[in-house]
Amino acid sequence: MSLPKAELHLHIEGTLEPELAFELAARNGVTLPYADTDALREAYRFEDLQSFLDLYYELMAVLRTEQDFADLADAYLARAAAQGVRHAEIFFDPQAHTKRGLEIGTVVEGLWRALGRSEETHGVSTRLIMCFLRDDSAESALATLRAAEPYLDRITGVGLDSAEVGHPPVKFREVYERAAALGLRRVAHAGEEGPPEYITEALDVLGVERVDHGLRCLEDPALVERLVRERVPLTLCPLSNVRLRAVDTLAGHPLPAMLDAGLLCTVNSDDPAYFGGYAGDNFDAVRDTLGLGEDRLRELARNSFLASFLEDDEERRARYLAEVDAYVFARSREEDGERHPGR
Ligand SMILES: Nc1ncnc2[nH]cnc12
Ligand SMILES: [Zn+2]
């Protein structure tokens with residue numbers, strides 16, 4: 001769906017399509033333990049978050065040079081633009097690369113080659129958010145923030161991702177305090193597989209401005225009430241939730257109930273190469289399977305811009321919101337593609 005939207009929950013490493021993985025493997029002399037792209041796609045059957053993370057980290061071995069990261073980001077931005085993404089706030093996992101011997105500068109500068117000219121090449125404005133791996137130590141997160149200091153002109157904020165259960169937000173209190181002191185925005189994954197208490201902790205201890213996923217807030221009515229009252233954005237990822245079995249079926253996804261409750265929901269793709277769809281595909285899925293009408297879809301698109309870190313460019317935010325308001329919904333997907341060539 002080419003409805004203009006911001007993507008706020010997107011791991012750049014999760015956009016590594018099998019074809020690009022094999023291309024980079026060949027370029028870098030890396031052998032993948034899969035015969036071909038079909039065999040690799042066959043491995044995309046996940047039991048839970050951890051079974052996905054195992055493959056996600058394994059495939060990162062093909063990313064070695066600045067150009068690899070630039071190619072990865074360029075490929076994502078082209079796909080995102082084709083699905084109506086006008087602004088993307090992109091996560092990356094520096095520790096997943098530095099523990100393989102890469103310099104953080106290789107990752108940031110490589111991504112920046114694509115992001116720095118994304119408005120001209122793809123018509124997509126961008127921000128970069130550096131995530132700490134919550135199943136690594138707090139010390140490692142602090143060292144990563146220190147290593148990132150020379151690149152902070154390229155980095156808007158910090159996030160928290162990887163295996164959630166057993167790694168509560170409080171573990172990262174100090175590094176989030178430092179990030180705040182450095183002027184960085186703060187978000188964190190919470191309530192994907194972890195309990196609602198992790199969402200509360202992310203808000204109260206880490207001072208996050210958005211909650212990534214936040215699905216399990218529904219188990220705590222007082223927390224839902226608070227999230228509504230404080231207008232805390234949730235970056236939901238419906239296709240991801242199905243693939244990682246956070247919900248049983250897409251038809252049973254609580255997004256409609258969450259919108260009815262007044263939560264500030266956004267729809268995003270998480271790791272689109274692994275979960276069967278980019279941002280527009282997630283919008284298509286919630287329209288087709290959850291029966292969300294045009295008003296709700298427009299609300300989700302508006303929310304994405306309202307929840308984005310565009311405070312330094314309110315003029316642009318207003319322009320994007322006007323694009324949402326002016327959008328005319330196509331009658332069919334085919335027509336949608338035809339009416340917005342290249343978007
Ligand atoms: N959905 C997800 N949850 C936690 N960590 C992740 N890293 C990449 N995708 C993730
Ligand atoms: Zn995520």
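Read the numbers this way: they start at 1 and go in the same order the structure lists the ligands and their atoms. Along the sequence shown, the residues carry numbers beginning at 1. Keep in mind that the numbers below use all heavy atoms, side chains included, and drop hydrogens, waters and symmetry copies. None of the values given here were measured: they were computed from a predicted structure.
Nearest protein heavy-atom neighbour of atom 5 (N) of ligand 1: Ser162 N, 2.8 Å. Of the protein's non-hydrogen atoms, Asp270 OD2, 2.7 Å is the one closest to atom 1 (N) of ligand 1. In this structure, atom 7 (N) of ligand 1 lies nearest to the protein heavy atom His11 CE1, 3.5 Å.
With ligand atoms numbered from 1 in the order given, ligand 1 contributes 1 (N), 2 (C), 3 (N), 4 (C) to contacts under 4.0 Å with heavy atoms of Glu192. Listed by number with element, the atoms of ligand 1 under 4.0 Å from a non-hydrogen atom of Phe52 are 8 (C), 9 (N). Interface atoms of ligand 1 facing His213, defined by a heavy-atom separation under 4.0 Å, are 1 (N). In summary, the atoms of ligand 1 found under 4.0 Å from a heavy atom of Asp271, numbered by their order in the structure, are 1 (N), 8 (C), 9 (N), 10 (C).
Closest N/O/S atom of Asp270 to the Zn ion (ligand 2): OD1. Counting just the N/O/S atoms of His189, the one with the shortest distance to the Zn ion (ligand 2) is named NE2.
Looking at Asp271 and Arg243, no side-chain N of the basic residue comes within less than 4.0 Å of a carboxylate O on the acidic one, giving no salt bridge. In this structure, Arg298 does not pair ionically with Asp295, as no charged nitrogen and carboxylate oxygen lie closer than 4.0 Å. The pair Arg216-Glu219 meets the salt-bridge criterion, since a charged nitrogen lies less than 4.0 angstrom from a carboxylate oxygen. Using a cutoff of 4.0 Å between basic side-chain nitrogens and carboxylate oxygens, Asp260 and Arg296 are scored as salt-bridged. A salt bridge links Arg302 with Asp325: the distance from a Lys NZ or Arg NE/NH1/NH2 to an Asp or Glu carboxylate oxygen falls below 4.0 Å.
In this structure, Arg210 satisfies the cation-pi test against Phe309, with its NZ or CZ atom closer than 6.0 Å to the six-membered ring centre and inside 45 degrees of the ring normal.
Exactly one of Arg186, Arg185, Arg231 qualifies for a salt bridge (charged side-chain N to carboxylate O under 4.0 Å, His left out) with Glu209. That residue is Arg185.
Under 4.0 angstrom from ligand 1, there are no non-hydrogen atoms of Glu164.
Here the shortest heavy-atom pairing between Leu215 and Val247 reads CD2-CG1, 4.0 Å.
Distances from the Zn ion (ligand 2) show that Cys237 has no N/O/S atom below 2.8 Å.
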